[in-house]
Amino acid sequence: MELYFEQNVTNKNVDERTKRTKTLTFVKTAFLVLGLFILITSAALGNLFWQLFWVFLLVSIPFFVVAYIVGRINKRNNTEYDYVIDDEFIKVSEIYYREQRKQKHTIRLRLIESVGVFDSEGYKKIERSANKKILALVNYDDEDSILYICYKTDKGIRKIIFLEPNRGFMIALRRAMSASALTVFDKSVSDLEKRLTQKEQEEALLRIDEVDDEDDEDDEDATDDNNDGERD
């Protein structure tokens, strides 16, 4: 039986920091242009340019470094993720500025060795064995809700990827790994699933309250309109 599940991890910074994004984009472009300007204008010096090549290069490098750092910060603030469980794989894609999408990581379910919560006892046992750690999440503050997956690539390289799952993702992951769940899932996963269930229920209640508030406002507006009509 084929299984498919997709989770979109949204980044509130995309909406809340639009002005900052534009500012950082401008700063990145300005420093990049200044670095290129130094190299291009210095090339007009002819033979002197080649004699002082390293001097001009060293002068321009800081501009390129700042442009790179600013670009990375801006990209991080505007990156969102898609987690897809597709039959035998977990596929993680990065979405930049809600326009560009790139699949970055593919994990074979059968090559997963351990699953648990970040900084749990299970994580502490395996973290040093990983050749590479990958962050694929938006919220870094809530460590109790960060899931780690330790797995091997087809080439035998051991990696740990950190995700920000919702309850639906955990349900789909358990179904996909039902045969090996007892040996792969850390005991911290049960606590995570309880927290995610509680969070989902709280969000559902919040949505209901918001709908009720909107209905009350509509009723008040209708009452006001009726009163105005009676006075007329």
Side-chain angles (χ1 to χ4, degrees), residues 1-13 72 75-96 101-204:
M1 179 179 177
E2 292 187 359
L3 174 65
Y4 183 89
F5 176 83
E6 181 175 355
Q7 177 189 347
N8 307 115
V9 182
T10 57
N11 187 345
K12 63 181 181 181
N13 289 329
R72 292 287 296 179
K75 184 177 178 182
R76 176 175 171 177
N77 288 335
N78 289 276
T79 298
E80 298 176 308
Y81 295 91
D82 272 354
Y83 308 150
V84 173
I85 298 177
D86 186 7
D87 200 17
E88 299 178 1
F89 301 93
I90 297 176
K91 300 175 183 178
V92 178
S93 299
E94 290 185 356
I95 304 168
Y96 313 117
R101 178 191 178 97
K102 184 176 182 181
Q103 185 173 311
K104 297 284 289 185
H105 312 287
T106 301
I107 304 165
R108 288 186 184 275
L109 294 174
R110 62 181 177 80
L111 295 181
I112 292 177
E113 299 180 343
S114 180
V115 179
V117 177
F118 169 71
D119 214 26
S120 62
E121 290 301 319
Y123 173 73
K124 292 174 182 178
K125 290 179 182 179
I126 57 93
E127 64 169 326
R128 293 184 180 179
S129 66
N131 301 106
K132 186 176 181 180
K133 297 178 182 179
I134 303 163
L135 296 175
L137 57 140
V138 170
N139 181 16
Y140 295 85
D141 297 327
D142 188 5
E143 293 184 351
D144 291 338
S145 296
I146 296 177
L147 185 78
Y148 81 83
I149 298 178
C150 180
Y151 66 99
K152 281 186 178 181
T153 65
D154 292 336
K155 296 181 179 179
I157 300 172
R158 181 176 283 107
K159 296 182 179 182
I160 296 178
I161 189 168
F162 299 98
L163 306 177
E164 188 178 340
N166 59 19
R167 180 170 172 268
F169 180 90
M170 295 305 302
I171 292 173
L173 184 60
R174 278 199 180 274
R175 288 177 179 172
M177 301 190 65
S178 57
S180 57
L182 291 177
T183 57
V184 170
F185 281 79
D186 181 300
K187 62 180 181 180
S188 62
V189 171
S190 296
D191 292 332
L192 172 61
E193 289 171 326
K194 291 177 183 178
R195 287 194 296 272
L196 293 175
T197 299
Q198 183 179 358
K199 180 180 179 182
E200 186 178 272
Q201 292 171 346
E202 290 173 351
E203 290 175 347

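All residue numbers in this chain count up from 1 along the given sequence.
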Q.
Tell me whether the count of non-hydrogen atoms from other residues, nucleotides or ligands lying under 6.0 Å of NZ in K124 goes above 12.
A. yes
Q. To the nearest 0.5 Å, what is the distance between CD1 (I149) and NE2 (H105)?
A. 11.5 Å
Q. Does any N or O in the side chain of Y83 come within less than 3.5 Å of the main-chain N or O of E164, such that one atom is a donor and the other an acceptor?
A. yes
Q) For K104, which residues count as a side chain to side chain donor-acceptor pair (under 3.5 Å) partner, sequence neighbours excluded? A) none
Q.
Taking the basic N atoms (NZ, or NE/NH1/NH2) and the acidic carboxylate oxygens, is any pair closer than 4.0 Å for K133 and E127?
A. yes
Q) For I126 and Y148, what are the C-alpha separation, side-chain angles and deciding distance, and is it a side chain to side chain contact (heavy atoms under 4.5 Å, CB included)? A) CA-CA 10 Å; I126 57 93; Y148 81 83; 3.7 Å; yes
Q) Donor-acceptor pair, N11 side chain versus N77 backbone, under 3.5 Å? A) yes
Q) Taking side chain as C-beta onward, heavy atoms only, is I171 less than 4.5 Å from R167? A) yes
Q.
What I'd like to find out is whether the side chain of L163 reaches to under 4.5 Å of the side chain of Y81, using heavy atoms alone.
A. no
Q: Just do the side chain to side chain contact (heavy atoms under 4.5 Å, CB included) check on V138 and T79 with the steps written out, would you?
A: CA-CA 8 Å; V138 170; T79 298; over 6 Å; no
Q: Rounded to the nearest 0.5 Å, what's the gap from NZ on K132 to CD1 on I134? Could you check?
A: 5.5 Å
Q: Would you mind listing every side chain to side chain donor-acceptor pair (under 3.5 Å) that reaches into residues 135-144, with sequence neighbours excluded?
A: D142-S145
Q) CD/E80 to OG/S93 distance, rounded to the nearest 0.5 angstrom? A) 12.5 Å
Q.
By the definition side chain to side chain donor-acceptor pair (under 3.5 Å), identify the one residue from E202, K194, R195 that meets it with Q198.
A. E202
**Q.** Contacts of type side-chain contact (heavy atoms from CB on, under 4.5 Å), residue Q201, not counting sequence neighbours
**A.** T197
Q: Look only at the side chain of S188 and the backbone of V117, and say whether a donor-acceptor pair between them is shorter than 3.5 Å.
A: yes
Q.
Between Y123 and F118 (judged by ring centroids, cut-off 6.0 Å), do the two rings come close enough to count as a pair?
A. yes
Q | Verdict with supporting geometry, L173 and I90, side chain to side chain contact (heavy atoms under 4.5 Å, CB included) | A | CA-CA 9 Å; L173 184 60; I90 297 176; 3.8 Å; yes
Q. If we only count heavy atoms from C-beta on, is the M170 to L147 side-chain gap below 4.5 Å?
A. yes
Q: Kindly compute the distance separating OG1 (T153) from CG (L111), expressed to the nearest 0.5 Å.
A: 8.0 Å
Q.
To the closest 0.5 Å, what do you measure between CG (D82) and CD1 (I95)?
A. 4.0 Å
Q) Y96 side chain to K102 main-chain N or O, any donor-acceptor pair under 3.5 Å? A) no
Q) Who passes side-chain contact (heavy atoms from CB on, under 4.5 Å) against R110, sequence neighbours left out? A) R108
Q) Residues in side chain to side chain donor-acceptor pair (under 3.5 Å) with E193, at least two apart? A) R174
Q) Which pair of heavy atoms, one from L109 and one from A176, lies closest together, and at what distance? A) CD1-CB, 3.6 Å
Q | Heavy-atom closest contact (V92 atom, A136 atom, distance) | A | CG1-CB, 3.9 Å
Q. Distance from D154 atom CG to I107 atom CD1, nearest 0.5 Å?
A. 11.5 Å
**Q.** Main-chain N/O of N166 paired with Q7 side-chain donor or acceptor, under 3.5 Å
**A.** yes
Q) E6 versus V84: any side-chain heavy-atom pair under 4.5 Å? A) yes
Quiz: residues 155-162 side-chain donor-acceptor pairs under 3.5 angstrom, not counting sequence neighbours:
| unit_1 | atom_1 | unit_2 | atom_2 | d |
| --- | --- | --- | --- | --- |
| R158 | NE | E113 | OE1 | 2.8 |
| R158 | NH2 | E113 | OE1 | 3.3 |
| R158 | NH2 | E113 | OE2 | 3.3 |

Q: Can you see which heavy atom on F5 is nearest to which on G168, and at what distance?
A: CZ-C, 3.4 Å
